[in-house]
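Working notes for the structure below.
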Amino acid sequence: MVIVGGGHNGLVAAGYLARAGRRVLVLERLDRTGGAAVSTRAFAGLDARLSRYSYLVSLLPPKIVRDLGLRFAVRKRTVASYTPAVRAGRPTGLLVGGGRARTRESFARLTGSDREYDAWRDFYATTRTLAERVFPTLTEPLPTRAALRARIGDDATWHALFERPLGELIEHTFRDDLVRGVVLTDGLIGTFATAHDPSLRQNRCFLYHVIGGGTGDWDVPLGGMGALTDALADAARRAGAELVTGCPVTALATDGRTAEVTTGDGHTIGARRVLVNAAPRELARLLGEPAPPPAEGAQLKVNMLLTRLPRLRDRHTDPREAFSGTFHIAEGYGQLETAYQEAAAGRPPTAPPSEIYCHSLTDPAILGADLVRRGYHTLTLFGLHTPARLFAADHDATRDRLLAATLAQLDAHLAEPLADCLARDADGRPCIEVRTPLDLDRELGLPGGHIFHRDLAFPCAPDEAPLPTPAARWGVATAHPAIHLCGAGALRGGGVSGIPGHNAAMAVLEEG
Ligand SMILES: Cc1cc2nc3c(=O)[nH]c(=O)nc-3n(C[C@H](O)[C@H](O)[C@H](O)COP(=O)(O)OP(=O)(O)OC[C@H]3O[C@@H](n4cnc5c(N)ncnc54)[C@H](O)[C@@H]3O)c2cc1C
């Protein structure tokens, strides 16, 4: 068994298959495993291990952690989100967390009544029930659409989320623009769409953001994302898998029954099955087939190290609470629409939406003891609506302009500029690094910088689809019987979940 790519999903597949007694060889192009789930000491001379790309965990089933005996854990955040705002000329904000009473009070202070809080509570009670019903199916053979609908058992929710654009549900349920925007963001992380996009891309993205773990909670990976990848690599090695890094696969061939990979140093290796953790675009390239429809990422990822957390203009809220949850910036419903329209017309958004979060508030252990003692903190920013196409003409200038515009939106809510809080590395440079979609394509092979390898799909098969093979039933089939997907590009892939890795391994084991 050969696995092309040692991202976290390739490692999950390797762990399961090696534990089942299969001979497993993982070939990874980069000089490290983990793909987009890694930690890095990004700033010279400073002991801060930042999750360079992905940073929060929701979709990883505890079953995978248990089955593979991983030494890995997540920690809940005490605050889910904070959104600064200005109302009647005064700085204020919406805090979700710290208990029901505080959340209700925060909604009331922002919106003037309990209406929005009541709507919020009911809305997320519904998504939680959805999560309890849908999440367990992700590690089972693919249900048909009809079977998934029956499992959800609530036609109104099905219709609103699987058949109509998410914007209709949000506008029907909430009145406040800021509250609507906060809800919509879960449909836009890693997805370039409007609330009313007829493709329903935003609905699929929303679904994956609210069902993780059967709760929809987004938790902090203790030790950072690298801790997960290290635990997975250890588990795969302990079970007998061989992991080779710095080893790109350059071609893939199949006679229909078996497959053969060629590596960068000219070796060919035959196998009964090849699992591909690399994106579908790379699979097509390796096979010499036409590329699939182009994918495009639309996010800006910024990692920072601060000497202190900045103070907020909203004096009711402690920065330690605000930054430990997801801190939404310029993500009002109207602002999200304007930013989308600007970007779709080929212009960088004037007020780029983004969200930030401080890992070290929940898990200080990613910082060296000296940095913790001096009050340093990490800050992770994920910018929305910055599609790859914006960077095509003048990459660096567009990146710099967007970064400045994004930080200006944050600064508008701070009592001191963020730049004053940035640490400096051993060479005196400010501790801030930026990744555009084109950077992610170049570094990780994410097509167009798409963080899910391609647009997410609903987690079910069309009712009329034939599912004749184990690979089809597990949602990992390609056009070639000896080659399966085991990464984010598989059905029910995307995000740090290990699910497509698990499902590809199940398909192979079922094939016997
Ligand atoms: C900036 C950013 C932030 C994100 N934030 C989150 C988050 O907070 N939470 C979350 O759940 N998800 C997040 N995601 C998405 C998530 O990280 C990815 O969807 C997930 O990591 C994909 O994992 P994978 O193992 O399927 O693929 P990848 O991580 O893409 O790994 C694929 C591997 O295949 C290797 N490869 C490619 N071609 C070849 C070849 N020819 N030969 C050998 N090896 C090859 C690559 O080098 C890579 O290591 C984020 C992604 C990004 C980029």
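Numbering of ligands and ligand atoms starts at 1, following listing order. Residue indices begin at 1 and follow the sequence shown. These numbers come from the heavy atoms of this one structure, side chains and all, not from hydrogens, waters or symmetry mates. Source: prediction; values computed, not measured.
Near L446, the atoms of ligand 1 lying under 4.0 angstrom from a non-hydrogen atom of the residue are 30 (O), 53 (C). Set against the non-hydrogen atoms of L27, the atoms of ligand 1 under 4.0 Å away are 43 (C), 44 (N). Those atoms of ligand 1 that come under 4.0 Å of a heavy atom in G35, given as number and element, are 29 (O), 31 (O), 48 (C), 49 (O). Set against the non-hydrogen atoms of N9, the atoms of ligand 1 under 4.0 Å away are 23 (O), 24 (P), 25 (O), 26 (O). Close approach of ligand 1 to L440 (heavy-atom distance below 4.0 Å) involves ligand atoms 53 (C). Listed by number with element, the atoms of ligand 1 under 4.0 angstrom from any heavy atom of F382 are 3 (C). The ligand atoms of ligand 1 that sit less than 4.0 angstrom from a heavy atom of H453 are 26 (O), 27 (O), 28 (P), 30 (O).
Between D219 and R77 there is no salt bridge, since no side-chain nitrogen of the basic residue lies less than 4.0 Å from a carboxylate oxygen of the acidic one. Using a cut-off of 4.0 Å between Lys/Arg side-chain N and Asp/Glu carboxylate O, E510 and R473 are scored as salt-bridged. Between K301 and E433 there is no salt bridge, since none of the side-chain N atoms of the basic residue sits less than 4.0 Å from a carboxylate O of the acidic one. With respect to D441 and R281, a salt bridge is recorded, a charged nitrogen being found less than 4.0 Å from a carboxylate O. In this structure, R435 pairs ionically with E443, as a charged nitrogen and a carboxylate oxygen lie closer than 4.0 Å.
Residue L56 places at least one N or O, backbone or side chain, under 3.5 Å from an N or O of ligand 1. Close N/O approach between Q299 and ligand 1 is not found [any backbone or side-chain N/O within under 3.5 Å]. Between W218 and ligand 1, no pair of N/O atoms sits closer than 3.5 Å. Between L30 and ligand 1, not a single N/O pair is under 3.5 Å apart. For ligand 1, the polar-atom distance check finds an N/O of Y55 within less than 3.5 Å of one of the ligand's N/O atoms. Annotation: G487 places no N or O atom under 3.5 Å from an N or O atom of ligand 1; distance criterion only.
Relative ring orientation between F391 and H395 is described as tilted, the plane-to-plane angle lying within the 30° to 60° band. Ring-plane geometry between H502 and Y16 is classed as perpendicular, the angle between the planes exceeding 60 degrees on a 0 to 90 degree scale with a lower cut at 30. Aromatic ring orientation, F382 versus Y55: tilted (interplanar angle from 30° to 60°).
Side-chain contact, R204 with S199: no donor N or O sits under 3.5 Å from an acceptor N or O. Counting only N and O atoms by type, the side chains of H480 and E289 include a donor and acceptor under 3.5 Å apart. Q335 and H385 are not linked by any side-chain donor-acceptor pair at a separation below 3.5 angstrom, with hydrogens and angles left out of the test.
Counting only non-hydrogen atoms, the option in G445, G5, G495 that gets closest to atom 16 (C) of ligand 1 is G495. For atom 26 (O) of ligand 1, the nearest non-hydrogen atom from the set S54, P248, A488, P500 belongs to A488. Heavy-atom proximity to atom 36 (N) of ligand 1, evaluated over G383, A251, A278, is greatest for A278. Of the candidates K301, R435, E282, M225, E282 brings a heavy atom nearest to atom 41 (N) of ligand 1.
With a heavy-atom cut-off of 4.0 Å, V57 does not touch ligand 1 at all. If you look at T250 next to ligand 1, there are no close heavy atoms at all, none under 4.0 Å.
Residues forming a side chain to side chain donor-acceptor pair (under 3.5 Å) with R285 (at least two apart in sequence, or on another chain): E282.
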- request: Please lay out, stage by stage, how S360 and H377 fare under the test side chain to side chain donor-acceptor pair (under 3.5 Å).
  value: CA-CA 6 Å; S360 54; H377 278 294; 2.7 Å; yes
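From the protein, the heavy atom lying nearest to atom 29 (O) of ligand 1 is A36 N, 2.9 Å. The nearest protein atom to atom 42 (N) of ligand 1, hydrogens excluded, is given as V249 N, 2.9 Å; this is a heavy-atom distance. With respect to atom 35 (C) of ligand 1, the closest heavy atom belonging to the protein is E28 OE1, 3.2 Å. Of the protein's heavy atoms, G7 CA, 3.4 Å lies nearest to atom 31 (O) of ligand 1. The single protein non-hydrogen atom nearest to atom 3 (C) of ligand 1 is Y53 O, 3.2 Å, given as residue, atom name and distance. For atom 10 (C) of ligand 1, the nearest non-hydrogen atom of the protein is V496 N, 3.4 Å. Nearest non-hydrogen protein atom to atom 44 (N) of ligand 1 is R29 N, 3.1 Å. For atom 18 (C) of ligand 1, the nearest protein heavy atom (residue, atom name, distance) is I451 O, 3.3 Å.
Not a single heavy atom of L59 sits under 4.0 Å from any atom of ligand 1.
A distance-only check finds a donor-acceptor pair linking the side chain of H209 to the backbone of D186 [under 3.5 Å]. Within the 3.5 Å criterion, the main-chain N or O of G487 finds no donor-acceptor partner in the side chain of N9.
Residues L252 and E260 are not in side-chain contact: their nearest non-hydrogen atoms beyond the backbone lie 4.5 Å or more apart.
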